Enquirer: 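Dumping the structure here so I can ask a few things about it.
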Amino acid sequence: MSDDDAHFNRVKHFAVDELVPQVTWGTSPEMVTGIDGRVPELSNFATGSKDSIQRALNYMGLKPGQPLKGLSIDKVFVGSCTNARIEDLRMVASVVKGSKVHRSVKQALIVPGSGQLRLQAEREGLDSTIRDAGFEWQSAGCSMCLGMNDDRLSEGERCPCTSNRNFEGRQGKGGRTHLMSPVMAAAAALTGE
Amino acid sequence: MEAFKEHTRVVVPFDRSNVDTGAILPKQYLKMLEKTGFGGFLFDDERHLDPGDVEIPVDERRKNPDFIPNLSPYNCATILLGRASFGRGSSREHAVWALKDFGIRVAVASSFGDIFLQ
């Protein structure tokens with residue numbers, strides 16, 4: 001936190017209450033829009049960027065103008081250093097309580113951000129709620145953020161993911177990552193989209 | 001690092017922006033404990049047609065005939081020419097080691113990822 005008398009070069013105000021949950025559509029974190037939004041048209045981008053954007057769309061299997069809402073998903077990953085804190089796990093548990101992972105979702109992983117967090121979550125009973133809903137509750141680790149062990153996407157699989165990297169192949173070669181918040185990822189697991 | 005004043009050699013173009021460190025050196029090779037031997041795995045996913053891992057000898061995998069760094073004379077290049085944001089993404093020194101092992105001594109791009117640049 002900055003000191004009370006800190007001086008800032010620029011101050012910007014964001015009405016975050018009015019912000020729709022954000023979801024990435026591309027292969028870089030800045031390729032993002034609201035969940036009620038659409039994949040942008042190529043004409044929205046500078047000439048020099050069009051090739052990168054088209055490459056991202058080809059990789060993600062999306063077309064310009066396509067809505068993000070309703071996209072079928074294959075796996076879900078709630079985890080990573082970025083977004084698996086105790087507050088995140090509490091919110092996820094409250095969202096999934098009494099519901100079940102959609103039958104079309106092949107795997108829904110929840111990986112606490114650290115061993116300590118895992119213990120705390122278990123003391124609070126969050127793991128039971130999460131398991132009862134059909135999620136896999138795993139030990140802390142990089143898991144499907146990095147895709148270095150068996151927790152990974154196969155070619156073409158689409159995955160709501162709470163990490164901060166949606167680069168090509170990050171979660172597995174050919175895997176299609178959509179970055180979003182833990183609550184959004186959990187909700188996606190329940191609806192299958 | 002080895003200092004030099006002039007360097008006149010082959011340039012290999014990498015005509016894409018936003019090349020991340022995972023593309024430069026895929027994550028499965030982070031299991032290697034040495035600091036050398038990464039050159040064969042540089043741009044591994046695009047460079048080969050078959051998937052690779054530490055246990056799979058790189059000589060047994062098919063090279064991608066359309067990938068420019070696989071083609072002569074670019075496979076002997078010591079200068080890499082990239083576009084914007086080369087080396088973005090996760091901190092991964094192995095990416096630098098892979099470039100160095102391949103033979104790259106100079107990287108030129110319109111911009112680099114912050115961590116990679118350091």
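Letters A, B, ... are given to chains in the order of the sequence lines, protein chains preceding strands, and every chain is numbered from 1. Everything numeric here is computed off the predicted structure, so don't read it as measured data.
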Enquirer: Between A:L146, A:D51, A:N149, which has the largest tally of heavy atom pairs under 4.5 Å with chain B?
Expert: A:L146
Enquirer: Among B:A23, B:G89, B:S17, which has the most heavy-atom pairs under 4.5 Å with chain A?
Expert: B:G89
Enquirer: For A:R170, which atoms come within 4.5 Å of any heavy atom of chain B: side chain, backbone, both, or neither?
Expert: both
Enquirer: Check whether A:E155 gets within reach of chain B through its side chain, its backbone, both or neither, counting any heavy atom under 4.5 Å.
Expert: neither
Enquirer: Are A:R176 and A:D74 close enough for a salt bridge, meaning some N to O gap below 4.0 Å?
Expert: no
Enquirer: For the pair B:R61 and B:D44, find out whether any cationic side-chain nitrogen is under 4.0 Å from an anionic carboxylate oxygen.
Expert: yes
Enquirer: What I'd like to find out is whether the side chain of B:D20 reaches to under 4.5 Å of the side chain of A:T27, using heavy atoms alone.
Expert: no
Enquirer: Check the angle between the aromatic planes of B:W97 and B:F38 and answer parallel, tilted or perpendicular using the 30° and 60° thresholds.
Expert: tilted
